[in-house]
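A short worksheet on the structure shown next.
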Protein chains: 2
Amino acid sequence: MHPCQTCPLRRHDLFMPFSAEELSFMMKFRSGEVRLAPGEVLFHEGDESAYFYTALEGQGVRVKHLLNGERQVVNLIFPGDVVGLQASLAGGASSTAIASSPMVLCRFEKRRLHELYCSSPDRAYALTWIAAVEEHFLGETIATLGQRDATQRVAWALLKIYNRLSAVGLAQEAGDVPLPLRQRDLADAMGLSLVHTNKTLARLRPLARWENGRLWISDAEALAEIAMTDCALPPDRPLL
Amino acid sequence: MHPCQTCPLRRHDLFMPFSAEELSFMMKFRSGEVRLAPGEVLFHEGDESAYFYTALEGQGVRVKHLLNGERQVVNLIFPGDVVGLQASLAGGASSTAIASSPMVLCRFEKRRLHELYCSSPDRAYALTWIAAVEEHFLGETIATLGQRDATQRVAWALLKIYNRLSAVGLAQEAGDVPLPLRQRDLADAMGLSLVHTNKTLARLRPLARWENGRLWISDAEALAEIAMTDCALPPDRPLL
DNA sequence: CGCGGGTTTGATCCCAGTCAAGTCCCGTGG
DNA sequence: CCACGGGACTTGACTGGGATCAAACCCGCG
């Protein structure tokens, strides 16, 4: 019994793809469990994988490599996330999945996906829903990379990460969440240099501290103010 | 009979979500046709739309608005694209869809989506597939915004646009494709200022020209060289 | 003819990338 | 036990790509 089946999973803030009920249903389709040590690779970009996964424990990153050797972290992998579904469907993984901390994942066979679509339309619908949520998030990331400066990007990322992790019950009493990544990972995710990311984190220190693999948010309001999350309505449109 | 039903639709370069056969099947589920004039809005971000669409003719953009008034163009809308599926599923549109040229779209009811999932698993599978492809593309966009400089971004965008449009048969004899957008749109898509986008386009003029709403590519190879599309394999991994 | 939206070009400034040290910490081996 | 080395983090100095400001220019249109 994994923590993710016992902790109160909710579709919180569009961040929790699977409910506990859904997860347990999916368990019938599981084809094994995968355990990764930090730095181990789940799949490489370009791989035509026969599997996709849901993350149960630990954290990782999905990265794309460019010809010049640069890395872009496309997304972080947290407990509850579905990983590699895109790769299974769209003919080859578009990114490499790497564990940042020890991970446990549940493995499913792409082959049986079609079976799932036939036998359980509701679950199939849920899978499409998950893809849609992912798409929503990637859109937000694009807006962040395209329009916000370094301070806003980092504030946005820290808030997103904190909310996502506390939504799956990983927040401790003291209000801190585990975040076993390197600053290099955050830098590559936000399209900033390592050095500048570091300096930005230093400036935000009064509002949020990230040390020893744990993240504290002391002033979420101020962070949100800085991050300037997108407005739901276009400026010229009357507010209701 | 719309051009998109007659022209040879293929799943080309991951860019053509619907085959002609699939499209005609979906036609049974259509609930009407939408025509938009340039500048008209299909849906606003935040809207809880009861519909989603496939684009048949014309082009448009999907934009996110930020609190400071900035715009981010998340994606372009071309004939064959599915629009608003994400909005239908993930509870509210994450972006605003606006027509750049006169558009014709086919409208579907979100309500009947579930029906589709029950009656035709294959089509349901195709829908998830479409979402996965979209996710793939957004990931590439993230890598572009995060890691590439202005010249690379513009070269990448022009190539993508050209390939996408010629894949749906919109290329003329002379090799030009229609691109009725403003430079402002490309700038907002690539996270660059309008001024700098313009200067970059000027520098790329020998390789690609974009005038009067039409785009010519004269040296695709050189453009690809500049764009440095992502490598399928991570650098440290043996090639096979 | 004048107006407004889109495009072009030049001049200036600043955010963030790059280079280069230096610190802290932990694991390894003499 | 301490010396050494390597990896992550920190900090300062310098530079440059792209943002910003400003002013034309080029249409189509009322």
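Each chain gets a letter, A, B and so on, in the order its sequence line appears, and its residues count up from 1.
- Picking from D/dG18, C/dA16, D/dT20 the nucleotide with the shortest atom distance to the side chain of B/Ala150 gives D/dG18.
- Note on A/Arg205: only backbone sugar-phosphate atoms sit closer than 4.0 angstrom, heavy atoms only; bases stay farther off.
- Near DNA chain D, meaning a heavy atom under 4.0 Å from it, residues 186-195 of chain B has B/Gly191, B/Leu192, B/Ser193, B/Val195 in order of number.
- Atom CD of B/Gln147 is separated from atom C1' of C/dA16 by 14 Å (rounded to the nearest Å).
- Atom CD in A/Gln183 sits about 13 Å away from atom C1' in C/dC24, given to the nearest Å.
- For B/Thr96 (side chain) and B/Glu45 (main-chain N/O), a donor-acceptor pair under 3.5 Å exists by modelled atom type.
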| request: Please report the C-alpha distance between A/Ile217 and A/Leu207 in whole Å, then the side-chain angles of each, then the deciding distance to 0.1 Å, and finally whether the side-chain contact (heavy atoms from CB on, under 4.5 Å) criterion is met. | output: CA-CA 6 Å; A/Ile217 303 280; A/Leu207 307 177; over 6 Å; no
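- One can place CG of A/Leu179 at 11 Å from P of D/dC9, the figure rounded to the nearest angstrom.
- Residue B/Ala202 has its side chain nearest to C/dT9 when only D/dC9, C/dT9, D/dA13 are considered.
- A salt bridge links A/Asp81 with A/Arg164: the distance from a Lys NZ or Arg NE/NH1/NH2 to an Asp or Glu carboxylate oxygen falls below 4.0 Å.
- Looking at every heavy atom in both residues, A/Gln86 comes nearest to A/Ser94 through OE1-OG, 3.2 Å.
- Which of D/dG12, C/dT8, C/dA16 sits closest to the side chain of A/His196 comes down to C/dA16.
- To the nearest 0.5 Å, atoms CD1 (B/Ile77) and CD1 (B/Ile98) are separated by 9.0 Å.
- Here B/Asn198 does not reach the OP1 or OP2 of C/dT7: none of its side-chain N or O atoms lies under 4.0 Å away.
- The backbone N or O of A/Gln59 sits less than 3.5 Å from a side-chain atom of A/Ser101, completing a donor-acceptor pair.
- The nearest whole Å value for the distance from the CZ atom in B/Arg209 to the P atom in C/dT7 is 15 Å.
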